[in-house]
Trainee: 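The structure's right below; bear with me while I get my questions together.
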Number of protein chains: 2
Amino acid sequence: MKQEARTATGAPATLWDRTRQLASREILDTALRLFSEQGYDETTVAQIAREAGVSQRTLFRYFHGKEDLLGGDQDRFRQVLTATIGEQPDDAGVWEVLRAGVAAVLALHESREQALERFRLMHTTASLRAGWLEKRLRFQEDLLPLVQARMGGSGGTAAVRARAVIGTSFACLDAASMTWVAGGGEGEIIDLYDECVAAVRG
Amino acid sequence: MKQEARTATGAPATLWDRTRQLASREILDTALRLFSEQGYDETTVAQIAREAGVSQRTLFRYFHGKEDLLGGDQDRFRQVLTATIGEQPDDAGVWEVLRAGVAAVLALHESREQALERFRLMHTTASLRAGWLEKRLRFQEDLLPLVQARMGGSGGTAAVRARAVIGTSFACLDAASMTWVAGGGEGEIIDLYDECVAAVRG
DNA sequence: GACCGCTTGGCAGCGACTGCCAAGTCGCCC
DNA sequence: GGGCGACTTGGCAGTCGCTGCCAAGCGGTC
């Protein structure tokens, strides 16, 4: 499996790439549909593969695991997050920087409905939630040097404090999205996030 | 499998209970030893069962899953946490209350070495970390009503803010324990925790 | 000593996931 | 356009965590 090549227009170059992209979408859509209809744990990978028209073996070549079938590409997630935070102005505070990162990540969802469904599944399925939290923690470690550089302060304890601030930011995102889902998708997640940060720092 | 009965002195009543307790310890010790020696993912449940002298089937009757073999009984965890937080004076602030809960949970470890080894395994093994984070999130939901009652404030948004504060507290515990492990177990976790909270609220 | 209840172990089976191998398809170059 | 090489696909077998089921064994009690 090769890295996907694209032309300057963003359209896939070869037939292979086009089929690959099509298959990927088909699998992703099928998975989200089945998860919504019958629940995550009640849906087997074999069923998704069957209904998407690929073999189970191929499905596992496209995605690293069942969890990846929801939420899609976490690499893109990571890229957007680190890029956004990296390109913030130097004089911006840590909290502003992290807020920008959160906003950028939230903007990745294609539609409000899709975002709601994904968050709903995530917060109601223990195994999914665990997986998400784990990935999240890896993002935190990625962000550590970036944030640490902005915090300055005394050397020895800089890492702890940076970790704490990043962890808090994500915890606020969790609290916000959870509440957003509980409220049926009313309002904006980022507003809830702001309220969370205010409550913590208040 | 029945609930374990104990006499007034705390000693197990029947022979069955005593053997059960012995088997439980044997399994737990074997698991921790093997995890330390060869890693969590590299250790199979079958191996633990074999070396502990029980069948695999019995092991799964004692513990709900492989994850429970590290960190032991999360019910006790939950009990201590909610009890400690519940019995804090009414005029104590949310942050003090949560700090007391964290301290009580940290005090549950039998020894410094055991705590260090557990945290080390937890923070270096992705699957374990995921499981821990998931349990943690369930604790957060348990604590939600207790904390929310203490925060008061305007009704509509009380839940979000309570979730954010609890999440932040746990995030600080994570940051503290991670840094503690990275430092080889130097100093006290609770001090690092305090520094984290200060950094966030500062 | 006999009966009842709880525990134990083995077996079969499911679901996620991986390595391996053979067959098929695409792209490119002669 | 044919053929070669690169890449993808599917199937099979196997591992590991985990569960349900059933028969056998042991502890406690009358």
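Computed over heavy atoms, backbone and side chain alike; hydrogens, waters and symmetry mates excluded. Naming convention: chains lettered A, B, ... in sequence-line order (proteins, then strands); numbering from 1 in each chain.
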Trainee: Nearest whole angstrom, please: distance from the C1' of C:dT25 to the CZ of A:R18.
Mentor: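 These atoms are roughly 14 Å apart.
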
Trainee: Could you check which of C:dT8, C:dA16, D:dG10 has an atom nearest any side-chain atom of A:V54?
Mentor: D:dG10

Trainee: Which value, rounded to the nearest 0.5 Å, describes the distance between A:F35 atom CZ and A:R120 atom CZ?
Mentor: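 Spacing of CZ (A:F35) from CZ (A:R120) equals 12.5 Å.
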
Trainee: How long is the line joining CZ of B:R61 and C1' of D:dC21, in whole Å?
Mentor: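 B:R61 atom CZ is separated from D:dC21 atom C1' by 10 Å.
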
Trainee: Do A:D174 and A:R136 meet the salt-bridge criterion of a basic N to acidic O distance under 4.0 Å?
Mentor: yes

Trainee: Hey, does B:S127 reach any base, or is it just sugar-phosphate, or nothing, if we go heavy atoms under 4.0 Å?
Mentor: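 Counting heavy atoms under 4.0 Å across all strands, no contact is made by B:S127.
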
Trainee: Which whole-number value in Å describes the distance from A:L59 CG to D:dG10 C1'?
Mentor: 13 Å

Trainee: C:dT8, C:dC17, D:dC16: which one has an atom nearest the side-chain heavy atoms of A:Q56?
Mentor: C:dC17

Trainee: For the pair made of CD in B:Q21 and P in C:dT7, what is the distance, rounded to whole Å?
Mentor: 15 Å

Trainee: Rounded to whole Å, please give me the gap between CG in B:D41 and C1' in C:dA16.
Mentor: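 Rounded to whole Å, this separation is 14 Å.
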
Trainee: Can you check the A:R20 CZ to C:dC26 C1' distance for me, whole Å?
Mentor: 13 Å

Trainee: Let me spell it out: for each of A:T19 and A:Y40, pick the nucleotide of DNA chain C with the closest heavy atom. Which residue's pick is nearer the 5' end?
Mentor: A:Y40

Trainee: Counting side-chain heavy atoms from CB outward, which of C:dC17, C:dG15, D:dG10 is closest to A:T58?
Mentor: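 Closest of the options to the side chain of A:T58: D:dG10.
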
Trainee: Is A:R112 paired with A:E188 through a side-chain N to carboxylate O contact shorter than 4.0 Å?
Mentor: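 Salt bridge: yes.
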
Trainee: Figure out the CZ/P separation between B:R50 and C:dT8, and round it to whole Å.
Mentor: 19 Å

Trainee: D:dG20 base to B:R57 side chain: any donor-acceptor pair below 3.5 Å?
Mentor: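 Result: at least one qualifying N/O pair found.
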
Trainee: Among D:dC18, C:dT8, C:dA16, which nucleotide sits nearest the side chain of A:K66?
Mentor: C:dA16

Trainee: Taking only side-chain N and O atoms of A:Y62, does any of them lie within less than 4.0 angstrom of OP1 or OP2 on D:dT8?
Mentor: no

Trainee: Return each pair, listed once, that meets ring pair (Phe, Tyr, Trp, His ring centres under 6.0 Å) where at least one residue sits in residues 108-131 of chain A; pairs must be two or more places apart or across chains.
Mentor: A:H109-A:F119

Trainee: Using a 3.5 Å cut-off and no angle test, enumerate the donor-acceptor pairs between side-chain atoms of residues 47-54 of chain A and protein atoms at least two apart in sequence or in another chain.
Mentor:
from: A:E51; atom 1: OE1; to: A:R33; atom 2: NH2; distance (Å): 3.0

Trainee: Rounded to the nearest Å, what distance is computed from the CZ atom of residue A:F60 to the P atom of nucleotide C:dG15?
Mentor: 12 Å

